[in-house]
Protein chains: 2
Amino acid sequence: MSPRRAPRPPATREEIVAAARSMVVSDGVDALSMRKLAAELGLAPTAIYWHVGDRDELLHAVFEAMLAELPTVRATGRTPRVRVAAVARAVRKQLIDHESLTALAHTLGRSAEVAFPAQVTLAREVSAAGLHGRAAERLVRSILFTIGGLTLLEHTFSEEPSHTPSLWSHLHDPAIDLGLLRAMRAPADLDALFEHTLDALLTAAFAA
Amino acid sequence: MSPRRAPRPPATREEIVAAARSMVVSDGVDALSMRKLAAELGLAPTAIYWHVGDRDELLHAVFEAMLAELPTVRATGRTPRVRVAAVARAVRKQLIDHESLTALAHTLGRSAEVAFPAQVTLAREVSAAGLHGRAAERLVRSILFTIGGLTLLEHTFSEEPSHTPSLWSHLHDPAIDLGLLRAMRAPADLDALFEHTLDALLTAAFAA
DNA sequence: ACCTGAACACCGTTCAAGT
DNA sequence: ACCTGAACACCGTTCAAGT
């Protein structure tokens with residue numbers, strides 16, 4: 001009978017983290033403001049601080065929520081080399097699919113935690129392939145750094161107004177092979193580059 | 001005779017850009033605030049806007065000043081393969097030495113411009129080595145992406161409280177080679193990883 | 001236990017007004 | 001031509017006070 005709206009139930013920490021997460025996912029880390037978040041939840045800006053520590057702690061909470069949901073990568077294929085390659089590809093796909101997680105991990109300095117499970121899976125396959133010690137380490141690490149680096153760059157370049165092609169199209173240099181020059185004028189195919197580098201690393205590891 | 005200090009001469013655009021640059025170099029892009037910069041120069045915050053457009057334009061001006069001073073990389077060595085490797089190493093060293101430039105380029109979306117001269121030098125050496133078309137393109141691009149990615153990651157990981165080693169030291173997994181496990185517990189040697197990946201790429205390119 | 005409001009110390013930016 | 005001051009619309013955060 002009372003025309004007054006029932007007062008909104010007390011906000012929970014989970015609710016706040018979830019709202020923050022959706023802001024981070026849709027508009028990026030920088031777009032998360034405590035004041036906008038509070039407005040979204042119908043709270044005074046200062047109320048947030050009662051539930052989570054501060055903006056930094058909130059971001060860490062969002063990160064952990066995302067990390068917990070990350071599916072584990074699995075190896076497929078018959079030969080050792082094929083299985084290692086499959087894991088590498090799966091990890092790369094995962095990083096691309098969970099772009100907000102990698103971006104957040106990067107700003108929080110927690111990339112290592114994101115990479116760890118993949119690293120372990122890779123280490124198992126490399127061991128199963130018969131590699132040991134330093135040689136095994138080199139393969140695991142170089143694959144993971146290739147994946148991480150390329151994905152970071154991919155993210156970088158997707159923001160850039162494809163600038164290099166135009167730089168290349170203004171260049172005429174007799175010291176550069178004409179076919180190479182023409183190829184450089186087109187945008188890079190990062191998937192192909194990844195496959196190529198991966199293949200080079202696998203060949204180097206399995207040849208010896 | 002006048003006890004009054006002579007009024008400060010009008011500020012120049014170059015002066016402002018230089019001051020901004022030194023703030024960026026010493027404390028990072030995020031630390032550059034228009035108000036702090038103005039204070040440093042003894043100006044009202046709003047005076048800056050008369051000389052440079054806004055914060056973004058100022059950052060671009062700082063970037064261009066840095067880029068103009070970047071020395072060009074040169075190839076050394078006798079055999080084609082050695083020369084290509086030398087260029088790659090020189091580029092990597094340059095990126096590491098000019099960390100503020102690469103960081104700034106990254107936030108402004110102008111990494112391609114930083115990479116371009118290096119890419120041209122590499123293209124010349126690869127051409128001189130007798131590679132053509134797509135194969136040459138693959139080598140140039142994979143080397144540059146390896147350098148860029150690894151350097152980006154290096155910067156990332158230097159900020160992280162070496163987290164992965166501790167993750168690895170708590171792991172006991174019979175499916176992982178013991179020597180590999182032990183190796184993963186130590187921090188990664190990025191220089192060695194770079195050399196290894198570079199070598200794998202060069203071998204792949206020059207074997208065919 | 002949970003929340004508000006006032007307050008503080010920061011931002012970038014515009015614009016009219018001063019010299 | 002060059003600069004100031006007031007003003008606006010934002011931030012994150014603390015803390016006393018309210019229910």
Side-chain angles (χ1 to χ4, degrees), chain A residues 2-64 103-104 106-110, chain B residues 2-64 103-104 106-109 159:
Chain A
S2 143
R4 263 192 257 137
R5 304 297 250 86
R8 120 196 245 319
T12 64
R13 195 188 136 93
E14 290 75 44
E15 197 185 344
I16 291 170
V17 172
R21 175 175 175 169
S22 85
M23 287 181 71
V24 167
V25 168
S26 51
D27 298 308
V29 196
D30 290 345
L32 175 70
S33 115
M34 301 301 267
R35 298 179 108 111
K36 275 196 213 123
L37 176 61
E40 191 101 347
L41 293 163
L43 291 173
T46 54
I48 311 280
Y49 291 82
W50 194 91
H51 295 275
V52 305
D54 55 10
R55 203 186 103 107
D56 203 54
E57 284 185 43
L58 178 55
L59 285 177
H60 279 282
V62 169
F63 171 76
E64 270 141 29
L104 188 51
H106 187 245
T107 74
L108 295 179
R110 296 180 69 173
Chain B
S2 146
R4 262 190 259 138
R5 306 297 250 85
R8 123 197 244 319
T12 64
R13 195 188 136 94
E14 290 76 42
E15 198 185 342
I16 290 170
V17 171
R21 176 175 172 169
S22 85
M23 288 181 71
V24 167
V25 168
S26 51
D27 298 308
V29 196
D30 290 345
L32 176 70
S33 113
M34 301 302 267
R35 297 177 108 111
K36 275 194 212 123
L37 176 62
E40 189 102 348
L41 292 164
L43 292 172
T46 53
I48 311 280
Y49 291 83
W50 195 89
H51 295 276
V52 306
D54 56 10
R55 202 184 104 105
D56 202 55
E57 284 185 43
L58 178 55
L59 286 178
H60 280 281
V62 169
F63 171 77
E64 270 142 29
L104 188 53
H106 186 245
T107 73
L108 295 180
E159 318 258 293

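If you're wondering where the values come from, they're calculated on a predicted model, not measured in any experiment. Below, read A as the first sequence line, B as the second, and so on, with proteins coming before strands; counting in each chain starts at 1.
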Inset, instruction - Give the B/S/- string for nucleotides 4-9 of chain D, one per nucleotide from 5' to 3', where a protein heavy atom under 4.0 Å of the base yields B, of only the sugar-phosphate yields S, and otherwise -. - result: BBB---

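- To the nearest angstrom, P of dC3(C) lies 14 Å from CZ of R13(A).
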Which donor-acceptor pairs under 3.5 Å do side chains of residues 28-39 of chain B form with protein atoms, sequence neighbours excluded?
residue	atom	partner	partner atom	Å
S33(B)	OG	R35(B)	N	3.3
S33(B)	OG	K36(B)	N	2.9

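- With sequence neighbours left out, A61(B) forms a side chain to side chain contact (heavy atoms under 4.5 Å, CB included) with R13(B), V17(B).
- Distance L37(B) CG to dC11(C) C1': 14 Å, rounded to the nearest Å.
- Every pair passing side chain to side chain donor-acceptor pair (under 3.5 Å) that includes a residue from residues 14-26 of chain A is listed here, sequence neighbours excluded: R8(A)-E15(A), R21(A)-E69(A).
- Sorted by first and then second residue, the salt bridge (charged side-chain N to carboxylate O under 4.0 Å, His left out) pairs with a member in residues 51-64 of chain A read E64(A)-R110(A); sequence neighbours excluded.
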Inset, instruction - Determine which bases of DNA chain C form Watson-Crick or G-U wobble pairs with both distances under 3.5 Å, and write the result as a 5' to 3' dot-bracket string with | for other-strand partners. - result: ||.|||||...|||||.||

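- Within residues 51-61 of chain B, the residues that have a heavy atom under 4.0 Å from DNA chain C are, in order of number, D54(B), R55(B).
- Rounded to the nearest Å, the gap between the C1' atom of dC11(D) and that of dA7(C) is 15 Å.
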Show me, pair by pair, the donor-acceptor contacts under 3.5 angstrom made by side chains of residues 44-53 of chain B, not counting sequence neighbours?
residue	atom	partner	partner atom	Å
H51(B)	NE2	A11(B)	O	3.4

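- For the segment residues 22-33 of chain B, residues with any heavy atom less than 4.0 angstrom from an atom of DNA chain C are, sorted by number, L32(B), S33(B).
- Toward the 5′ end of DNA chain D lies the nearest nucleotide of W50(B), the other residue of the pair Y49(A) and W50(B) mapping further downstream.
- At dC11(D), one or more side-chain N or O atoms of K36(A) fall inside 4.0 Å of OP1 or OP2 (strictly under the cut-off).
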Legend entry - From CA spacing to verdict: side-chain contact (heavy atoms from CB on, under 4.5 Å), V25(B), V62(B): CA-CA 10 Å; V25(B) 168; V62(B) 169; over 6 Å; no

